[in-house]
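First comes the structure, then the notes that go with it.
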Protein chains: 2
Amino acid sequence: MENKIKVHIADDHKILIDGIEAVLSVEDDMEIVGHSLNGAEVIQWFKSKTNKADVLIMDINMPEKDGIAVLKAFKKGRKKFPCPIIILSSYDYIKLIREVLKLGASGYLAKKCAGDNIVEAIRRVAAGDQYFSPTINEKIVQSFSGLKNASEKPLEGMLISALTDREKQVLKFICQEYNSKEIAEQLCLSPNTVETHRKNLLKKLQVKSSIGLALFAAQHKII
Amino acid sequence: MENKIKVHIADDHKILIDGIEAVLSVEDDMEIVGHSLNGAEVIQWFKSKTNKADVLIMDINMPEKDGIAVLKAFKKGRKKFPCPIIILSSYDYIKLIREVLKLGASGYLAKKCAGDNIVEAIRRVAAGDQYFSPTINEKIVQSFSGLKNASEKPLEGMLISALTDREKQVLKFICQEYNSKEIAEQLCLSPNTVETHRKNLLKKLQVKSSIGLALFAAQHKII
DNA sequence: AAAAACATCACTGAATTCAGTGATACGTTT
DNA sequence: AAACGTATCACTGAATTCAGTGATGTTTTT
């Protein structure tokens with residue numbers, strides 16, 4: 001076949017990339033033309049004029065820059081997206097899904113979905129449609145129809161992306177057990193400022209103490 | 001080939017199972033004979049006398065029962081494991097690695113390792129050897145040779161199992177953001193006693209603050 | 001252009017944690 | 001029997017966090 005769909009995969013788990021590559025290899029209308037292990041690599045790859053892809057499948061949790069940051073970066077560049085983007089995540093929080101759609105994603109796959117879904121998703125998205133894996137689609141419909149049950153508020157609905165860059169930065173230091181004074185030194189700030197950020201984090205994430213902050217960070221792998 | 005290595009895969013991400021299955025399908029000396037999406041399924045599957053596998057590849061983070069719990073269950077019930085077990089995890093903490101090895105695992109793969117490693121791991125482990133993916137092996141050697149830093153000496157080797165029941169109990173409450181006074185009420189103890197447990201936890205786990213305790217607990221899934 | 005969000009800094013006072021020490025009692029293990 | 005680990009409780013003082021408020025300037029969004 002001549003016009004194969006060119007796919008780029010981004011995930012920090014190489015084993016998953018290899019796995020998806022193996023899954024796609026039996027399909028004769030698509031091929032993997034590149035992969036990235038973190039968000040920075042994704043942006044770098046698409047910057048290169050010689051590299052092109054028709055579909056980008058991207059995890060949200062990645063080091064360096066996460067999937068949200070990549071979406072924002074692409075959106076900010078003012079230009080059009082390099083290609084349709086499918087988010088592949090283990091999270092299925094409705095707010096997160098809404099967020100990435102707002103940021104321009106064309107599809108959303110839960111990691112617990114089957115390999116078939118990914119093939120289908122690539123074809124549909126490459127054709128200009130949107131695609132959501134079954135469980136995700138269910139969530140969206142539920143939420144739309146007001147049937148939202150438990151999943152509307154994961155940790156009270158606060159997402160990583162609801163935190164500012166500075167707050168995330170401070171949070172990382174908190175998780176390294178630095179106290180406010182030490183963090184202030186690291187970031188060249190006043191300890192008072194760090195304390196303010198810390199308090200804002202407590203409010204946003206609705207936790208009682210820095211322990212809650214650390215656990216949130218751990219659960220969302222932003223540390 | 002007659003004697004294919006029979007593999008069972010356990011991971012809560014179906015897409016990863018499908019991926020690994022695709023990777024293994026091109027190897028003619030192994031085959032996947034089953035898979036599980038959580039720890040309970042693993043135990044269930046191996047309970048059935050009709051099901052047999054030569055190697056179990058298992059994630060640590062799974063709902064219902066996690067990988068650690070499965071290892072413990074196998075160790076507890078029978079004397080012999082149903083088969084060699086390879087842990088597949090995104091965590092590469094040295095303490096966690098040591099813990100699963102203590103619990104009888106035969107191999108450890110980081111999820112960021114390549115697909116080739118998994119094939120190699122299966123062959124080696126099926127032959128009765130141990131196998132660790134490159135980055136993991138590095139960590140083990142580093143730790144063994146003490147090159148890392150002093151973190152492997154003083155009261156090191158501190159694992160979940162090194163904590164007393166009471167300490168674990170207190171730790172759980174700490175992770176729920178209770179303060180010492182509240183924990184004392186819950187456990188009908190003096191706040192002073194709780195403080196002592198807290199301080200002993202800090203020493204044993206060699207962390208600076210309760211944040212470190214919470215992160216340890218999160219990483220070791222004891223919360 | 002106005003409004004909202006972000007980042008910065010300051011002050012106070014109460015609550016909590018952390019470090020260091022020491023003590024009693026009970027059960028294993030050696 | 002002695003040593004060890006565990007569980008319990010107490011006291012002090014310094015360090016740190018947390019809550020509440022307020023302020024200024026910049027950037028982004030609407």
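No experiment lies behind these values; they were computed from the predicted model shown.
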Got a list of protein N/O to nucleotides 25-27 of chain D N/O distances below 3.5 Å?
none

Distances under 3.5 Å between protein N/O atoms and the N/O atoms of nucleotides 20-22 of chain C, please, pair by pair.
from	atom 1	to	atom 2	distance (Å)
C:dG20	O6	B:K199	NZ	2.8

Inset, instruction - Return the nearest nucleotide to the side chain of A:T193; candidates are C:dT8, D:dT17, D:dT6. - result: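 Of the candidates, C:dT8 comes closest.
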Legend entry - Nearest listed nucleotide, side chain of B:S180, among C:dT8, D:dC18, C:dT17: C:dT17
Inset, instruction - To the nearest Å, give me how far apart NZ (B:K208) and P (C:dT16) are. - result: 22 Å
Inset, instruction - Kindly write out the residues that satisfy side chain to side chain donor-acceptor pair (under 3.5 Å) with A:S180, not counting sequence neighbours, or none if the list is empty. - result: A:E195, A:R198
Inset, instruction - Return yes if some donor-acceptor pair links the side-chain N/O of B:T196 with the main-chain N/O of B:N192 below 3.5 Å, else return no. - result: yes
Legend entry - Which residues share a ring-ring contact (aromatic ring centres under 6.0 Å, His included) with A:H197, sequence neighbours left out: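 A:H197: no ring-ring contact (aromatic ring centres under 6.0 Å, His included) contacts found.
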Inset, instruction - Find the distance between CG (B:L215) and OG (B:S210) and round it off to the nearest 0.5 Å. - result: 11.0 Å
Inset, instruction - List the atom of A:S133, the atom of A:Y131, and the distance in Å for their closest heavy-atom pair. - result: N-CE2, 3.8 Å
Legend entry - Terminal helix-axis angle for the helix from C:dA1-D:dT30 to C:dT30-D:dA1, with five pairs defining each axis and rounding to 10 degrees: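 Computed angle between terminal axes is 60°.
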Inset, instruction - Scan A:N179 against the nucleic acid and name what it touches under 4.0 Å (heavy atoms): base, sugar-phosphate only, or nothing. - result: sugar-phosphate
Inset, instruction - Write out all pairs satisfying ring-ring contact (aromatic ring centres under 6.0 Å, His included) with one or both partners inside residues 165-192 of chain A, taking only residues at least two apart or from two chains. - result: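 Matches after skipping sequence neighbours: A:F173-A:Y178.
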Legend entry - From B:I57, B:I9, B:L56, residue fulfilling side-chain contact (heavy atoms from CB on, under 4.5 Å) relative to B:I86: B:I57
